[in-house]
Amino acid sequence: MSGANDKLMTLADAAALVSDGDTVVAGGCCYSRTPWAMLLELLRAQRRGLTLGRNLMCYESELFLATGAATKLISSWVGIGLRWGIPKVFREYVERDPSVYEEWSHLSFGLRLMAASMGMPFLPTASLLGSDLLERLPAQEMRCPFTDQLLVAVPALVPDVALIHVHTVDAAGNAQIEGPAYMDVELARAAKTVIVTAEEVVPAEAIVRHNDRTQIPGFVVDAVIEVPFGSYPHECHGRYEADFAHFDAYSEQVVADGVAGVEAYLAEVVERAGSFAGFLDTVGASTLLEQRRRARELVPA
Amino acid sequence: MSGANDKLMTLADAAALVSDGDTVVAGGCCYSRTPWAMLLELLRAQRRGLTLGRNLMCYESELFLATGAATKLISSWVGIGLRWGIPKVFREYVERDPSVYEEWSHLSFGLRLMAASMGMPFLPTASLLGSDLLERLPAQEMRCPFTDQLLVAVPALVPDVALIHVHTVDAAGNAQIEGPAYMDVELARAAKTVIVTAEEVVPAEAIVRHNDRTQIPGFVVDAVIEVPFGSYPHECHGRYEADFAHFDAYSEQVVADGVAGVEAYLAEVVERAGSFAGFLDTVGASTLLEQRRRARELVPA
Amino acid sequence: MSAVAAPTPVELMTIAGSRLLRDGRVVFAGVGAPLEASVLAKRLHAPSLTIVLEGGSIGPRMLPGRLPVSTNEMRAAHDAFMLTSINELFLYGQRGCYDYGFIGAGQLDQYGNVNTSYIGDPDHPKVRLPGSGGANDIVSSCREVMIMTRHEQRRFVERVDFITSPGYLSGPESREAAGLVRNRPVAVITDLGLLGFDEATGRLRLDALQPGVTEADVHANTGFDLLVSDTVAELAAPTEQELAELRWLRDGEKSNTATFREVTSAP
Amino acid sequence: MSAVAAPTPVELMTIAGSRLLRDGRVVFAGVGAPLEASVLAKRLHAPSLTIVLEGGSIGPRMLPGRLPVSTNEMRAAHDAFMLTSINELFLYGQRGCYDYGFIGAGQLDQYGNVNTSYIGDPDHPKVRLPGSGGANDIVSSCREVMIMTRHEQRRFVERVDFITSPGYLSGPESREAAGLVRNRPVAVITDLGLLGFDEATGRLRLDALQPGVTEADVHANTGFDLLVSDTVAELAAPTEQELAELRWLRDGEKSNTATFREVTSAP
C-alpha cells in the first residue's frame, strides 16, 4: 500500500518487489485477463519457491512448477480449457506429489481473498460441507453463533503480492476494469503488495471522469506498468481474444515432450524474445490486430 | 424474486406487496437516492406497524413514526443533515421510549445486509467491540476459529421488502446505478421482495450495452416503477440536487409544531398532492430544472 | 429427419438435458454440455431462462459457432445483461437465487457424489483431474442440482474415489447431517437415460431411457446396482429442430451475427 | 493579517486539525470540521492526501461554497477518483488501509471514549443524539484516530453516559481486552488546545494550547482532571492563507468553478 502519486515502473522493477518464497496470487480467471506479462517477468527474474495462487489456473501452473519458480499451487481448478484439458506437466507433478497442490472450490477460494480484503481472519460459507475437499484443507466446520447452523469457516488468504492486469489505470494506481471483475477487487484489497499492469495508463482526470467505474483505489497499489496486450496470448475483455492457435501449439509441444516442451516454450517466449514486447513481435502485429477485431465482434465498442 | 420479464407496475401496485408489520429497508443514504416516492406511497396506503430500516435515516424516520406506519426503526444515524440536526419528532419518540430505535454502527448495519445477501446467518467484524452499542444489540462477541481473535458476529438482516431507487432499469428489473451504490446491491440481494423505482425505464438492450455497469440482476426484483425525480426532495446523483429550501421549510414547521407539523406536511405532500406526480407539480417545473442544473455542476455529464 | 445426421451420444444427452429447464428460471451452468443444453433451452422453449456462468456472466446469449471454451471468457459474456465479479456471482447462488445448478462429472456414484479431483488414492493418485472449480459450490447451494455425463462403467462407480461435489453422500440423513440442507440433487442425464434419486435412500434410480436403449444396456454401463423406476419411460427422440439448433449453436453459420441478434432479441 | 477577520473557535480547531494530516496519507473524515480540516490540508500542504467519506467517496475535491451537508451526497463525491459502496468503503478501513480516522464528538471523556447516542440514562434518556453513523467503525479500525470538538465542560466529562465509539475505555489494558488491537486514538483537537493520550494510562493529556489560551482556561472548560504534558507548547496562530483558504472553501467564490478546477487539478 502506498499513497504516492507516481507508481510507474518497468516490469523488471516490479519483479523486484517479489521475493523468493512469497505467496503470489494472480488475478483474472483461467485464460482471461491473466497478468501474463508479469508472470513471464517473474520467470525471467528466476524467482524460486513461490506459492502461486489463482482461482482457476491455466498453463502458467506448469510453467511455474517445471521451472521451480513455484513449489506449491493453490487453486480450485487447473486446465487450459475444454479443448486442451488439464496441463500434462502439472498433472505429472501432482500425481508424483499431491502436496504441491491445494484444492479449494471456486467460491471458497474467493472467500479466502474476500476475508482478507475485509480485514477479517475468516469468513463462513455453505460450500465444502460434506466433501472430501474439506478434510484435506485448512478450513473447518463451525456453527453459526445465532442459528447453530453448520457452516464452514475458511481462513483469510493474505497474499504477499497480487498481480493484476486491468484495462486502464492512472499513475497513482486507480484502476478500471471492463467486463467481469473476476476476483481482482478482493485480491487488490487482500494483498500486502499490489502490482498492476494495464492496457493503458491514462491521466488521473480520465479516471475521475468515470469515477463510479473505478474498482481499485490507488492507495492499495504499489506498482503501475503499462503493458499493451499484457494478457496475451490470454484474452482481455473487449480488447483481444485468446490466441487458441498459440494454445494448440503449446499444448502439442507439452503433450509430446513434457517438461522439455515447457522448457522449449519458455526458451522461446522468455529467453529468445528478450522482453514482453519482443514476445509480441514474435506473435506479429497482424495476429494481434485480428485478435482485437475478433474481440470487438463479441464486445461491441 | 421472480424470473418474469415484465415487472412494470404502479406505485400503488407495489405498495400492495408490503404488508402491515413487515420489515422494510429503504436504499440510498440519508438524503441521497432515497426511494422517496415509494416511501410516500406506503404512507398513502396507510401501512401500519412496519419496522423501517435504513443505514442513515433522514426525516422519513419521523414521518413513519408519527403516523404509526412504523413502530420501530433500525439505523446507525438519524438526522436531516448538519444544517438541520436531528429530526425533532424522532427525538421525542426515542426519548419517550428508547426501544423504538435500534442503533447499529454504519458498517455493522451494512454487514447485516451483506450477510443476508451472501446467504449467511452472520458475518464477523471488528466494529462494535468495547462499545455500549454492543450490549444493547442482538450481536455478540465471538472468537475466530483459526486465530482466536476477538470479533463481533452480527446477525443477517433479511428484509421482507427492500425499496430501492435507481437511475435506469429495464422491465425485467436489471438495474444500473450511477455514483455511489450505497448499500443497495447488498440490500437487493438480501430482501425477500424487492421494489425498484427508477428515473428511467429503458429497453433491455440499453442495459446489455453497458452490462458491466448492471448492479442488480432482474431475478431478485419483483416490481419496477418508472418515477422521474423519484427521490425528490432528496437528491439523485448527477440528476438533481437535494432541495435544501424544502428541508428548511419542513424543519421549521416541525421544530415549531412537532407532530402536528409532520401531519401538516403529510397532508400537503401525500393527501392534497394526490400522487407523487402531483407532489412534483407543487414543487414546480422550474425548481426541478434548477436542481437538475445544479447537479450537473457537481457531476458533469 | 432424413436430411439430418443421427444424434451423437453427447447430442442425445444435451437435448434431453435442455428439455428439463423451465422458462423463467435461473440456471447456473458448467461449461460444455450443461452450457450447451442451457443455451439450447433458451433458444427453443425457455426464452426467459437466465443462464449464469462462473466467470461473472449473467444472462448471456451466445454467438453461434463461438460457444465458450471456458466460462470466464468473452464468448461467455456475450450480450449478457450483467457482468459482475466471481464472488458476487457465486454468492447469489449461496443466497438461493439460482433454481438449477447444472454440472458435468468425471466420476459419480450411486448417491450422486461427484469426483472431479483424483482417480485412485488421493495421497497416491493414479490420475489428477481438473478439480472442483465451481462444481462444489453449485451442488452446495443451487436449488435443484442436475448432473450430465456420458454413461460409462468407469464413470458410474459404486463409490467415488474422492467426493469433490457431494450428492446424497451415503443417504439423505448423511447429507443433512453434513449441513447440506439448502438444496438437493434431482437428476442425472446421460446418453443412455434419465436418472432420478430415490427419496428414501438417496440412491440413483433409472426413470427413463434414451430412444432405442434398453434397461440392460444401462445396467451393463453402470458400475453399481442401479435402482429402476416402476414405470421407466422412453424419452422422445431429438427433433429435427433441436438437432439443427444445437449444431448451429455449436458450429455456427458463416458469422451471420446480425441474424442471430435479431432472433435472440425476441423475448 | 489586519485585513482578515480574527479566527472563530471552530476555525481555530479546524486549522489546527488540518496541520496534523500528512501528505500521501489516507484520511477517513466525518462531515463538518474534520472534513473541512481535511480539505484544507489537501489544498495547502498535503496535495496527495486522499480523503475518504462515508457515503462511498474516495479522493473527492470539494467545490468551494458547496461543501457537503452530509458525507453521502453529490457535493461529497465531486471529482472523486472512485465512488463505491458504503460497505466496500468501510471494509477498506477494516482492512487497515486508512491512516487517519477523523471524527467529531458530542460528549467525550478522559479516556477518549465518545458518546453521540444518549445524554442521560440510555433507558430513560434526556437527549437522543444522532448516533454512531460510521464513527464507531472509524475508531475501531483506522490506524490513528483523531477527534475534533469544541472544548466545553458539558462535552469533556469524567465518564460518558454511553460509549458509542470507544477510546481507551478505562485504560490500555481494557482496550486490548475488548479486542481493540488494530489501532489507537492519538489526538483530540479543540478550540483551546491539542490533547494527546498518556501511553501508560490511556488518559487525555494537554500537549499544546491554542494561541492566547492558558492552561487554566483549559482546566476550567474540562469536566475531569486533565493530565498536562511536561512541556506544553503553543500552537502557531492560523496564517492569513489558512484562514482565507478555509473561508473560501466554506463560503465559495461567485461560483467560479473553472478557476477552482484549474487550481485543484495541480498535483
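By convention in this document, chain letters (A, B, ...) are assigned in the order of the sequence lines, proteins followed by strands, and residues within each chain are numbered from 1.
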Closer than 4.0 angstrom, basic N to acidic O: yes or no for Glu73(C) and Arg83(A)?
no

Donor-acceptor pair between Asp243(A) and Tyr232(A) side chains, under 3.5 angstrom
yes

Determine whether a donor-acceptor pair (N or O, by modelled atom type, separation under 3.5 Å) exists between the side chain of Arg182(C) and the backbone of Gln94(C).
yes

Using heavy-atom distances under 4.5 Å, tell me whether Thr125(A) contacts chain C through its side chain, its backbone, both, or neither.
both

Below 4.5 Å from any heavy atom of chain C, which atoms of Leu128(A) appear? Answer side chain, backbone, both or neither.
both

Counting only non-hydrogen atoms closer than 4.5 Å, does Glu95(A) touch chain C with its backbone (N, CA, C, O), its side chain (CB onward), both, or neither?
both

For the CD atom on Glu176(C), are there more than 12 heavy atoms of other groups (residues, nucleotides or ligands in this structure) within a distance under 6.0 Å?
no

Pick from Ser108(A), Gly179(A), Ser131(A): which one has the most heavy-atom pairs with chain C under 4.5 Å?
Ser131(A)

Part of Val181(C) within contact of chain A (heavy atom distance under 4.5 Å)
neither

Considering only heavy atoms, which portion of Leu82(A) lies under 4.5 Å from any heavy atom of chain C: side chain, backbone, both, or neither?
both

For Tyr118(C) and Arg128(C), does a side-chain donor sit closer than 3.5 Å to a side-chain acceptor?
yes

I'd like to verify something: which residue of Val127(C), Asn115(C), Val31(C) has the highest number of heavy-atom pairs under 4.5 Å with chain A?
Val127(C)

Go through Pro98(A), Ala181(A), Gly81(A), Ser75(A) and name the one with the most non-hydrogen pairs under 4.5 angstrom from chain C.
Pro98(A)

Any side-chain heavy atom of Asp137(C) within less than 4.5 Å of one from Phe28(C)?
no

Proximity breakdown for Glu135(A) and chain C, heavy-atom pairs closer than 4.5 Å:
neither

Is Asp132(A) reaching over with its side chain to a backbone N or O of Ile163(C), donor-acceptor style, under 3.5 angstrom?
yes

Which bit of Leu56(A) comes within less than 4.5 Å of chain C, counting heavy atoms only: side chain, backbone, both or neither?
side chain

Heavy-atom pairs under 4.5 Å with chain A: which of Ala77(C), Gly32(C), Ser117(C) has the most?
Ser117(C)

Between Pro130(C), Ala135(C), Gly131(C), Ser85(C), which shows the greatest number of heavy-atom pairs under 4.5 Å with chain A?
Pro130(C)

Tell me whether the centres of the aromatic rings in Phe224(C) and Tyr111(C) are closer together than 6.0 Å.
no

What part of Ser105(A) lies closer than 4.5 angstrom to a heavy atom of chain C: side chain, backbone, both or neither?
both

Under 4.5 Å from any heavy atom of chain A - which part of Ala80(C):
neither

Tell me, for Leu129(C) versus chain A, whether the close heavy atoms (under 4.5 Å) come from the side chain, the backbone, both or neither.
backbone

Examine whether an atom of Tyr31(A) lies under 4.5 Å from a heavy atom of chain C, and if so say whether it belongs to the side chain, the backbone or both; otherwise answer neither.
side chain

Residue Gln149(A) versus chain C: region with a heavy atom under 4.5 Å:
side chain

Just give me the residue among Ile138(C), Asp123(C), Leu169(C) that pairs up with chain A most often, heavy atom to heavy atom, under 4.5 Å.
Asp123(C)

Tell me if the centroids of the rings in Tyr59(A) and Phe90(A) come within less than 6.0 Å of each other.
no

Heavy-atom proximity to chain C below 4.5 Å, by part of Tyr240(A)
backbone

Considering only heavy atoms, which portion of Leu113(A) lies under 4.5 Å from any heavy atom of chain C: side chain, backbone, both, or neither?
neither

Checking the side chain of Lys88(A) only, and the main-chain atoms of Val255(A) only, is there a donor and an acceptor separated by less than 3.5 Å?
yes

Step through it carefully: locate the ring centre of Trp36(A), locate the ring centre of Phe229(A), and say whether they are under 6.0 Å apart.
no

One thing to verify: whether Glu103(A) and Arg136(A) come together as a salt bridge, which I'm taking to mean a side-chain N less than 4.0 angstrom from a carboxylate O.
no

Cut-off 4.5 Å, heavy atoms of chain C, and the answer for Asp184(A) is neither

Max heavy-atom pair count under 4.5 Å with chain A, selected residue of Ser140(C), Gly133(C), Gly179(C):
Gly133(C)

Check Asp191(C) with Arg150(C), please: is the shortest side-chain N to carboxylate O separation under 4.0 Å?
yes

When the 4.5 angstrom heavy-atom criterion is applied to Trp104(A) and chain C, the contacting part is backbone

Under 4.5 Å to a heavy atom of chain A? For Thr84(C) that would be backbone

Please determine whether a side-chain nitrogen of the Lys or Arg among Arg294(A) and Glu297(A) lies less than 4.0 Å from a carboxylate oxygen of the Asp or Glu.
no

Counting heavy-atom pairs under 4.5 Å to chain A, which of Arg66(C), Glu54(C), His124(C) comes out on top?
Arg66(C)

Among Val166(A), Asp212(A), Thr214(A), Ile216(A), which residue satisfies the side chain to side chain contact (heavy atoms under 4.5 Å, CB included) criterion with Gln176(A)?
Thr214(A)

Taking Gly79(A), Ala126(A), Ala242(A), Cys236(A) one by one, which has the highest count of heavy-atom pairs under 4.5 Å against chain C?
Ala126(A)

